[in-house]
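Here is the structure we will look at, set down as structure tokens.
Because the structure is predicted, anything quoted here is derived from the model rather than measured. Numbering of ligands and ligand atoms starts at 1, following listing order.
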Amino acid sequence: MQTLSPAYYTNNLNSLMRTSPYKFTGPRSSARLSVHCISPSDAAQFPDGIGYSRADWQSSCAILSSKVVSSEQPNDKSYSSADHVTSVNGHKTSVENINLIQINAANSHNGQLAFPPQKPLSITDLSPAPMHSSELRVAYQGVPGAYSEATAVKAYPNCETIPCDQFEVAFQAVELWIADRAVLPVENSLGGSIHRNYDLLLSHRLHIVGEVQLPVHHCLLALPGVRKEYITRVISHPQALAQCEHTLTKLGLQASREAVDNTAGAAEYIATNNMRDTAAIASARAAELYGMQILADGIQDDSSNVTRFVMLAREPIIPRKDRPFKTSIVFANDKGTNVLFKVLSAFAFRNISLTKIESRPHRNSPIKLVDDANFGTTKHFDYMFYVDFKASMAELRAQNALAEVQEFTSFLRVFGSYPMDMTPW
Ligand SMILES: O=C(O)C(=O)C[C@]1(C(=O)O)C=C[C@@H](O)C=C1
């Protein structure tokens with residue numbers, strides 16, 4: 001097993017990226033990039049992986065010059081002896097392994113909950129001194145039974161999950177050391193991108209250290225004894241409502257749809273308020289936790305409904321080359337969107353596949369005045385572009401691609417390079 005030391009970095013990882021919140025500055029050939037080695041908590045998620053000692057970890061964060069290398073032949077020496085790494089996503093585990101307090105229908109009496117629900121962290125709870133525990137603490141938006149919670153446990157099987165009432169709070173929990181990781185849904189195979197969460201990634205300084213693709217199996221839940229015909233309202237997270245829209249219509253429900261913050265929160269709300277005219281779209285686990293009956297199972301419009309989540313941490317992980325990695329970036333150009341083609345060609349020429357591209361309004365300057373010599377001045381919308389590509393920042397071709405992207409952009413940030421979730425579903 002290799003132990004990381006400053007020399008290790010200097011010899012082998014001189015072009016690793018120190019990512020968010022820094023952007024590449026200076027000309028291409030002299031960009032100064034810094035690098036952080038794996039933190040103890042992430043190393044704990046790689047039990048068979050790179051060795052480290054706390055002293056190494058503390059001493060080996062170094063600022064190193066990045067060289068843009070003309071030859072793209074990778075020097076793999078440093079990796080060949082590294083042990084096999086078990087993924088952050090822990091593919092040996094499954095959602096069924098969820099290790100939470102078991103609360104079932106027996107805990108519910110006449111539709112009333114007989115247990116105190118775990119209160120989600122709210123913005124006012126963020127002031128206390130951080131708790132200290134040896135377990136990894138993972139913040140998620142929602143209440144127990146939420147898909148984000150299942151994702152946290154899938155990624156970090158023995159973690160302590162911390163429910164938060166908003167995504168913003170989950171980010172802050174990590175920033176304030178109340179949690180070690182935050183789980184963030186970013187896109188769904190049916191509902192598409194969760195735009196607000198892309199904006200949050202940009203406005204915070206956390207790093208993406210892993211991804212999990214969770215098959216999402218929705219159920220229609222109601223209080224025990226309630227029949228489908230009595231339902232006048234269906235409540236859930238807007239993504240869940242969107243993912244079940246056609247099936248709800250096919251079920252013949254004469255019900256309005258209402259969006260709430262979270263799927264499991266919808267079930268809890270119905271149970272707590274004994275609402276016999278309302279159904280929730282949530283997981284089977286939420287039904288069990290809040291004493292609800294399942295009126296219909298598997299109501300997502302497509303059986304292979306999958307949500308992709310990213311795991312966020314205060315520090316990045318070390319990118320590697322011995323297993324498939326993905327890298328997530330965001331960029332903008334103050335001269336407008338016409339650079340997009342050039343930026344994307346930096347990846348195409350190096351045979352780097354893009355897995356995702358998303359554009360969001362450039363919040364700082366959403367509108368640009370563009371002079372057209374022939375037709376006068378026009379207003380253009382301006383965007384931030386989010387791109388995920390299939391390569392690790394440990395690979396020279398990825399480093400060179402980003403060096404080139406930097407030439408065409410006025411802003412570039414690397415959110416992180418992390419192991420791809422390869423779980424088959
Ligand atoms: O409401 C939940 O249970 C969540 O974890 C949130 C969320 C989302 O934001 O997309 C996660 C997965 C499903 O796609 C539906 C809802």
Side-chain angles (χ1 to χ4, degrees), residues 89 95 98 100 117-118 120-121 138-156 159 161-171 173 179 181-201 210-221 234-248 257-271 278-290 292 294 297-312 356 358 421 423 425:
N89 303 326
V95 191
I98 293 172
L100 294 169
Q118 194 180 359
L121 210 58
V138 185
Y140 68 94
Q141 191 270 342
V143 296
Y147 297 104
S148 301
E149 183 202 46
T151 303
V153 179
K154 187 179 179 190
Y156 305 106
C159 69
T161 51
I162 303 179
C164 300
D165 65 0
Q166 298 163 43
F167 285 115
E168 181 74 39
V169 175
F171 273 81
R181 299 285 177 278
V183 165
L184 188 73
V186 286
E187 56 180 324
N188 172 269
S189 53
L190 290 170
S193 291
I194 302 165
H195 294 127
R196 198 182 125 59
N197 291 351
Y198 279 89
D199 298 340
L200 278 173
L201 274 176
E211 71 168 359
V212 166
Q213 299 188 341
L214 187 83
V216 173
H217 185 92
H218 288 302
C219 302
L220 187 69
L221 312 182
V234 177
I235 62 174
S236 197
H237 186 281
Q239 275 283 332
L241 289 168
Q243 291 159 28
C244 303
E245 185 50 43
H246 297 304
T247 315
L248 286 182
R257 326 289 198 238
E258 275 179 39
V260 294
D261 282 347
N262 186 246
T263 57
E268 186 197 30
Y269 182 69
I270 293 171
T278 306
I281 299 173
S283 62
R285 178 161 183 78
E288 195 183 314
L289 287 173
Y290 303 108
M292 307 278 284
I294 298 177
D297 200 348
I299 58 164
Q300 61 281 359
D301 291 340
D302 185 273
S303 57
S304 51
N305 180 35
V306 174
T307 298
R308 178 171 166 255
F309 295 78
V310 291
M311 313 295 130
L312 304 169
K356 166 90 181 160
E358 182 66 54
D421 185 350
T423 321
W425 0 272

Protein contact to atom 2 (C) of ligand 1 [nearest heavy atom, distance to 0.1 Å]: N262 ND2, 3.0 Å
Ligand 1 atoms in contact with Q239 (distance to a heavy atom under 4.0 Å): 10 (O)
Partner residues of H195 under the side chain to side chain donor-acceptor pair (under 3.5 Å) criterion, sequence neighbours left out: E358
Part of S148 within contact of ligand 1 (heavy atoms, under 4.0 Å): both
Over 12 non-hydrogen atoms of neighbours within 6.0 angstrom of OH in Y269: no
D261 and ligand 1 - part of the residue with a heavy-atom distance under 4.0 Å: neither
Residue and atom name of the nearest protein heavy atom (relative to atom 13 (C) of ligand 1), distance in Å to one decimal: T307 OG1, 3.7 Å
Nearest-0.5 Å distance, CG of residue L200 to CZ of residue F171: 5.0 Å
Matching residue for L220 among D297, I294, I281 - test: side chain to side chain contact (heavy atoms under 4.5 Å, CB included): I281
Protein heavy-atom partner closest to atom 11 (C) of ligand 1 - residue, atom, separation in Å: F309 CZ, 3.8 Å
Residue and atom name of the nearest protein heavy atom (relative to atom 3 (O) of ligand 1), distance in Å to one decimal: T263 OG1, 2.5 Å
Distance from atom 8 (C) of ligand 1 to nearest protein heavy atom, with residue and atom: H237 CE1, 3.6 Å
Ligand 1 contact by E149, heavy-atom criterion under 4.0 angstrom: no
Listed partners of R257 passing salt bridge (charged side-chain N to carboxylate O under 4.0 Å, His left out), at least two apart: E245
Under-4.0 Å heavy-atom contact with ligand 1, by part of Q243 that carries it: side chain
Candidate list T151, L201, I194, test side chain to side chain contact (heavy atoms under 4.5 Å, CB included), partner L184, passing option: L201
Any donor-acceptor pair under 3.5 Å from E187 side chain to R308 backbone: no
